[in-house]
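As structure tokens, the structure follows; a few thoughts come after it.
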Amino acid sequence: MGWTRSRRYANHSNGIKYSKVERADAADLLLKRNASKQRVPEFKSEHNRRHVVRKLTKEVLPVASDNQTNEKAVSASIFREKYLQAYSDAEYQQMCREHKQKFET
């Protein structure tokens, strides 16, 4: 696990950030999104429609009350400390520059 995953579990003990329940006003949201067309858009597939509805209607679940002090938060702070330590290392910086020259130019 890394820093960001540890933070996710610190904030949401089961790791799930968004609710899985679709809101009832999904069709209204789609209409507002396509206000100039004044109709619910057509999708190439049911999968595409569900994806757009889910994206528009997902709600962030409440954050755990102990999200700054629980075991995963402590783990995340350790990961972040080590990440910053490695990132500021001169040898690592040199390796990053070499990688960018080799692959990103």
Side-chain angles (χ1 to χ4, degrees):
M1 196 178 331
W3 169 37
T4 55
R5 182 60 55 104
S6 293
R7 281 302 325 151
R8 165 74 64 95
Y9 279 92
N11 291 336
H12 307 281
S13 62
N14 61 3
I16 299 173
K17 182 177 180 179
Y18 299 104
S19 68
K20 293 187 179 196
V21 178
E22 289 185 9
R23 289 178 13 197
D25 59 349
D28 293 336
L29 289 170
L30 288 172
L31 281 172
K32 287 178 186 174
R33 183 171 178 243
N34 296 304
S36 61
K37 298 176 185 174
Q38 291 301 313
R39 62 180 175 80
V40 176
E42 295 176 18
F43 297 97
K44 293 179 182 177
S45 69
E46 178 63 16
H47 173 76
N48 289 350
R49 185 199 67 76
R50 284 195 317 264
H51 173 74
V52 171
V53 168
R54 214 175 295 125
K55 187 175 177 183
L56 288 173
T57 61
K58 65 183 176 184
E59 296 180 30
V60 177
L61 295 171
V63 175
S65 59
D66 63 342
N67 74 329
Q68 298 299 318
T69 58
N70 64 25
E71 181 182 19
K72 299 300 181 188
V74 172
S75 171
S77 66
I78 293 169
F79 275 114
R80 178 159 171 74
E81 182 181 312
K82 294 298 182 183
Y83 161 75
L84 293 173
Q85 188 179 26
Y87 191 77
S88 62
D89 182 60
E91 184 178 351
Y92 175 79
Q93 293 292 326
Q94 179 60 32
M95 289 168 55
C96 284
R97 285 192 291 276
E98 291 171 3
H99 178 81
K100 285 181 181 179
Q101 286 176 347
K102 187 173 182 180
F103 296 106
E104 296 181 16
T105 56

Which value, rounded to the nearest 0.5 Å, describes the distance between [X] atom [atom1] and [Y] atom [atom2]?
X	Y	atom1	atom2	result
Cys96	Glu91	SG	CD	11.0 Å
Arg8	Asn14	CZ	CG	9.5 Å
Gln68	Ser77	CD	OG	10.0 Å
Asp66	Asn11	CG	CG	10.0 Å

Looking only at heavy atoms, which two atoms of [X] and [Y] are closest? And how far apart?
X	Y	answer
Val74	Thr69	CG2-O, 4.0 Å
Ala73	Arg7	CB-NH1, 3.5 Å
Val60	Tyr18	CG2-CE2, 3.5 Å

Under a 3.5 Å distance rule, please check whether [X] uses its side chain to pair with a backbone N or O of [Y] as donor and acceptor.
X	Y	value
Arg80	Trp3	no
Ser88	Leu84	yes
Asn70	Ala10	yes

Is any side-chain heavy atom of Lys72 closer than 4.5 Å to a side-chain heavy atom of Arg5?
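When only atoms from C-beta onward are counted, Arg5 and Lys72 do not touch, as no gap falls below 4.5 Å.
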**Asked** More than 12 foreign heavy atoms under 6.0 Å from CD of Gln93: is that the case here?
**Response** yes
*Going through the distances and angles, do Lys17 and Leu61 end up as a side chain to side chain contact (heavy atoms under 4.5 Å, CB included)?*
CA-CA 6 Å; Lys17 182 177 180 179; Leu61 295 171; over 6 Å; no
Gln85 and Glu81 side chains, donor-acceptor separation under 3.5 Å =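 Side chains of Glu81 and Gln85: no pair found under 3.5 Å.
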